[in-house]
Amino acid sequence: MTPNALKPVLGVAILIVLLALISLPLRAQTLGGSLSGIVTDASGAIVPNAKVIIKSVATGQPTESKTNLAGFYSVANLSPGEYEVSVSAEGRGAKVAKVTLTAGAKQTLDLALVAPSSNAGGPSLSDLGFSPAQTQGNPQQQALLDRRSHMLKVHQRLGLITTGPLAATIITSLNAKGRRGTPGNPTGRNVHTALGAVTAGMYFTTAYFAIRAPKVAGTKTHGPIRVHKALAWVHGTGMVLTPILGAIAYSQLSNGQRVHGIAKAHSAVAVVTGAAYGAALLSVSVKF
Amino acid sequence: MNKRILLALLLLLPVRLAGADSQWILQQSTLSYHVSHPLHQMDGVSHAARGKGVCHDGQCDFLIAVPVKSFESGDSNRDLHMLQVTRGAEFPMVIVRTRVPEGASTSAMIRADLEIQFAGQTAHFKQVAFQLVTQGDTTRLSGTIPATLADFKIDPPSLLTIPIKNDIPVRVDMTWQKEK
């Protein structure tokens, strides 16, 4: 084989070696396991900035880490094998646990610190028989509750603000038509229609924040909030029907006709809707 | 055979006596916090507390714990808000520690220094008065802990943009059983 003929073979060989070298760290990364978890103290409270040492039992090689503000730690690229995990936080206690990692595994190990020796003579939380699920904090659940409360606060504020245009719409309805359903003054009708549109827009935005607020699993609804939710079905339906009936009435009046047919129900439906809305507001505001 | 059991008991007895002089177990409890708002007065009640007291050298160390979410006010929405503002999912337990003299149960009233862990904070309450009624090995304890939202760095939740009052007195009613 001539040197020229060897060139392509040599090129392919170099390429294979290069690819093999490049793939080595990737392969090592795939094989390495990771260990993560949440550190809590004896009371179940999250422990930020706790020192976490993960020591290989076989080699004695330690890997250090710290928990973040949520009490979470994570260490990647750990070779398969047995590890001793020790965690400590000044004044809040310490804990040592063992864990075995397999290749590529994403192991979770939550650790509850044992309180420091100052109260070693007294009973501990574990003496009271609470399960770890009861005593350990859950940052994800807290985040869900925070999001829920935030959305319901917006819902509450928007709901209160909506009472303004709602009341104005009801008041201006007096000038929306003439006597006995005759067309009457078009300006009054237009003002009433515009305020009604603003009310509907704000109402559905308010409703959005209640409907989209995260649900908390395992919660059985009871108390005044049940009345509030039941009334929402009444004023929710009313808030859909009222503008439709209003649009029909508007069209009839604009054509010089008296309000007739189904559109005659516009006022009655609006009154029921407004009353249900007010009652829903009171149901969660005032204790009866 | 009976001699062996007797011997084993005699051997174990000093170990038990050295371990603890006596201990107290919480039998029943009613804990309630009171919230005041211009439009509302409401109470959240829990019967889920567990407690234990261990006595050594004339002093008894007590630990009482109750899940935050076990308090019910009669409205599930309000209880979820309470859970959120007190960070009850992150810090699920209210933990109370105190140390009282062993002979205190014979008094009609005691004053105890309390350490309370709640909402990720630890607050100390000095000389909280409790009434005691003792019948045999059972002691009924009642009193009010003058807690405030500020003690635990809790932002006062508001209703209709009006915040609730800072004071959240906690009424305590417990029945303890003494065990030798």
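Remember, it's a predicted structure, so these values are computed and weren't measured experimentally. Reminder, nothing fancy here: chain letters follow the sequence lines and each chain counts from 1.
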Subject >> Value rounded to 0.5 Å, distance of CG in L145(A) from CG in L80(B) >> reply: 6.5 Å
**OP:** Please say whether more than 12 non-hydrogen atoms of neighbouring residues, nucleotides or ligands are located less than 6.0 Å from CG in L69(A).
**Re:** no
Subject >> Residue L128(A) versus chain B: region with a heavy atom under 4.5 Å >> reply: both
Original post:
Just how far is it from atom CZ of F91(B) to atom CG of D41(A), taken to the nearest 0.5 Å?
Top reply: 8.5 Å
Original post:
Would you say K215(A) has more than 12 foreign heavy atoms packed within less than 6.0 Å of its NZ?
Top reply: yes
Original post:
In terms of heavy-atom pairs under 4.5 Å with chain B, which of A143(A), G159(A), G71(A), A45(A) leads?
Top reply: A45(A)
**OP:** Using non-hydrogen atoms and a 4.5 Å limit, figure out which bit of L144(A) sits close to chain B: side chain, backbone, both or neither.
**Re:** neither
Original post:
At what distance, to the nearest 0.5 angstrom, does CG of D61(B) lie from OG of S124(A)?
Top reply: 12.0 Å
Original post:
Does any non-hydrogen side-chain atom of S76(B) lie less than 4.5 Å from one of I225(A)?
Top reply: yes
Subject >> Heavy-atom closest pair, residues F130(A) and R50(B) >> reply: N-NH1, 3.3 Å
Subject >> Proximal component of Q141(A), with respect to chain B [non-hydrogen, under 4.5 Å] >> reply: both
**OP:** Answer yes or no: is there a side-chain heavy-atom contact under 4.5 Å between H81(B) and S149(A)?
**Re:** yes
Subject >> Qualifying residue for side-chain contact (heavy atoms from CB on, under 4.5 Å) with D146(A), from R87(B), Q84(B), E90(B) >> reply: Q84(B)
Original post:
So do the side chains of Q142(A) and L83(B) get within less than 4.5 Å of each other, counting heavy atoms only?
Top reply: no
Subject >> T135(A) portion near chain B, given a 4.5 angstrom heavy-atom threshold >> reply: both
**OP:** Please indicate whether Q127(B) has more than 12 foreign heavy atoms, meaning atoms of other residues, nucleotides or ligands, lying under 6.0 Å from its CD.
**Re:** yes
Original post:
Looking at Q156(A), H228(A), H222(A), which has the largest count of heavy-atom pairs under 4.5 Å with chain B?
Top reply: H222(A)
Subject >> Whether over 12 other heavy atoms sit under 6.0 Å from Q28(B) CD >> reply: no
Original post:
Should the heavy atoms of other residues, nucleotides or ligands under 6.0 Å from CZ of R140(B) be counted, would the total exceed 12?
Top reply: no
Subject >> R148(A) portion near chain B, given a 4.5 angstrom heavy-atom threshold >> reply: side chain
**OP:** Against chain A, work out which of L26(B), N77(B), V68(B), T161(B) has the most heavy-atom pairs shorter than 4.5 Å and name it.
**Re:** N77(B)
Original post:
When you look at OH of Y208(A), are more than 12 heavy atoms from neighbouring residues, nucleotides or ligands closer to it than 6.0 Å?
Top reply: no
Subject >> Side chain / backbone / both / neither for K220(A) at chain B, heavy atoms under 4.5 Å >> reply: backbone
**OP:** Flag the one option from L281(A), L125(A), I38(A) with the top tally of heavy-atom pairs under 4.5 Å to chain B.
**Re:** L125(A)
Subject >> Pairwise side-chain contact, D127(A) with L63(B), heavy-atom cut-off 4.5 Å (strictly under) >> reply: no
Original post:
Which one, A65(B), P67(B), S158(B), leads in non-hydrogen pairs under 4.5 Å with chain A?
Top reply: A65(B)
Subject >> chain A contact via A119(B) - side chain, backbone, both or neither, heavy atoms under 4.5 Å >> reply: neither
Subject >> Region of Q136(A) that comes under 4.5 Å of a non-hydrogen atom in chain B >> reply: backbone
